[in-house]
Number of protein chains: 2
Amino acid sequence: MNSNDLIDFVKAAMPYLEEVPTVQILKFMSVIQKPKGTKLFSEGKRHSNFYFIIKGAAKSYYLKEGKEICLWFAFENETLGSIMTYNGMPSNETIELLEDAELVCYQSDVLRKLAKENLAVSNLTHKMLEEHALFLEYRLHQLLFISGKERYENLVESAPEVFQRVSLTDIASYLGVSRETLSRIRNQG
Amino acid sequence: MNSNDLIDFVKAAMPYLEEVPTVQILKFMSVIQKPKGTKLFSEGKRHSNFYFIIKGAAKSYYLKEGKEICLWFAFENETLGSIMTYNGMPSNETIELLEDAELVCYQSDVLRKLAKENLAVSNLTHKMLEEHALFLEYRLHQLLFISGKERYENLVESAPEVFQRVSLTDIASYLGVSRETLSRIRNQG
DNA sequence: TAGTTCATGTGACAATTGTCACAAACTATC
DNA sequence: GATAGTTTGTGACAATTGTCACATGAACTA
């Protein structure tokens, strides 16, 4: 994908980029390819990038006593990153590709600097943060108010593709139940 | 509190307001008093305000089968609002004052309009969103990775004042355990 | 002071869920 | 297609937690 294609693509995919001048966008964006298994973020490390998924899938997880516990999954046309590293802190999560992927790579440090000076860029990052906060709020609500079984049913309803592309082990940890409990939920109705 | 006092106060309390011109601030801010029990937000309703607590305490909760389940508590020098209503959607939570309170009231609709045109205001709302996202991430991490007992211990450590100002019933729902379980945690160590 | 209400503690029991162990099914690779 | 490795299903059991019922004690009201 060349620069012009990139601009056309990201503007189509992200309507709130429309107002950002092309010359600015090219300062903080590029397209990369990465194979399955690549760790885009590693726990404890600082990163000054985040990503938009053109093609592929990823998971975010923490390690708890050697076990992975998934925070989220991301697929095509979703943005992927860590609010901690966006703030310059070390990452508290690991983000790993579940499939070979084509990604738009944002340089978050450049983006933040631009946002401080450029209203269109500021509105862009504002929008992204807002979407992230809404997602976190939804997750929190699910965990506090809804049983494991209901969370499973909601996931089947809202994101059935997850079950085609992510292992049940990862999904169980995402739902906050053990692998065995998820297996029983699936087989009992 | 008059206009000048308000400006001095909020600029001292919120460093990221420094760059916002006073004339702009007065467009979206005022100071109000409200008694204990006031519902600043009600589930299902739209609101175009959010608040900064000068003095007082508040809780946010959902209703689940008649029971309140607390999302968060807020005290002096904290900002309080709903990301849903900020986005123009109906509130999914109720926010209620636990004590008589003095509040800075922001008009979020005015603030959003200003942010679209004014870089300093945009940076302000950006900063607020970022803090909110970090808080949600912390809560999510606690719920997914840490046992009820550890969550209790972390709360004692990080916010002991909560136990002076909030009922154990509310704290139990905040921690995601039953009132009885919290009682046992407290008496066993 | 008596009565009422509300917050909290506690015991008994049931239900849910996790853990462990192992079997079955599926994948990938040679 | 044989083998190794991974993923998923399942049974037995233990541990945790929730629910229900009731007791206690503090706070508030009349």
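Per chain, numbering begins at 1; letters A, B, ... match sequence-line order. Heavy atoms only: backbone and side chains are in, while hydrogens, waters and symmetry mates are out.
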Assess whether one donor atom and one acceptor atom, taken from the side chain of Arg179(A) and the base of dG9(D), lie less than 3.5 Å apart.
-> yes
For the side chain of Asn187(B), counting heavy atoms from C-beta on, which of dG9(D), dT19(C), dG9(C) is nearest?
-> dG9(C)
Round to a whole Å and report the spacing from NZ of Lys67(B) to C1' of dC20(D).
-> 10 Å
Check the distance between dT8(C)'s P and Leu175(B)'s CG and give it to me in whole angstrom.
-> 13 Å
Atom-pair distance (CZ on Arg184(B); P on dT17(D)), nearest Å | 10 Å
For atom CG of Leu182(B) and atom C1' of dT16(D), their distance in whole Å | 15 Å
Taking Arg165(A) for the side chain and Leu98(A) for the main chain, is one N or O donor matched with an acceptor at less than 3.5 Å?
-> no
Result of checking Ile25(A), Asn123(A), Leu119(A) against Val20(A) for side-chain contact (heavy atoms from CB on, under 4.5 Å) = Ile25(A)
Closer to the 5' end of DNA chain C via nearest nucleotide, is it Ser147(A) or Glu180(A)?
-> Ser147(A)
Do Arg186(A) and dG9(D) have a side chain to base donor-acceptor pair shorter than 3.5 Å?
-> no
Of the listed dG18(D), dT10(D), dT19(D), the closest approach to the Val177(B) side chain comes from dG18(D)
Whole-Å distance separating the CZ atom of Arg151(B) from the P atom of dT17(D) = 9 Å
According to a strict under-4.0 Å criterion, is Thr181(A) in side-chain N/O contact with OP1 or OP2 of dT17(C)?
-> no
Length of the CG-P vector between Leu98(A) and dT6(D), whole Å = 16 Å
Check: Ala172(A) main-chain N/O paired with Arg179(A) side-chain donor or acceptor under 3.5 Å = no
For DNA chain C, what residues of residues 162-170 of chain A have any heavy atom nearer than 4.0 Å?
-> none
Give a yes/no verdict on a cation-pi contact between Arg112(A) and Phe28(A), requiring under 6.0 Å between NZ or CZ and the six-membered ring centre and an angle within 45° of the axis.
-> no
Of the candidates dA21(C), dG9(C), dG18(D), the side chain of Ser178(B) sits closest to dG18(D)
Send over the distance from Tyr152(B) OH to dT8(C) P, rounded to a whole Å.
-> 12 Å
Any side-chain donor-acceptor pair under 3.5 Å between His126(B) and Thr125(A)?
-> yes
Given atom CD1 of Ile185(B) and atom P of dG9(C), what is their separation to the nearest angstrom?
-> 12 Å
Judged by atom type as modelled, is there a donor-acceptor pair below 3.5 Å linking the side chain of Ser91(B) to the main-chain atoms of Thr85(B)?
-> no
For Phe41(A), enumerate each residue passing the ring pair (Phe, Tyr, Trp, His ring centres under 6.0 Å) test, keeping only those at least two apart in sequence or located in another chain.
-> His47(A)
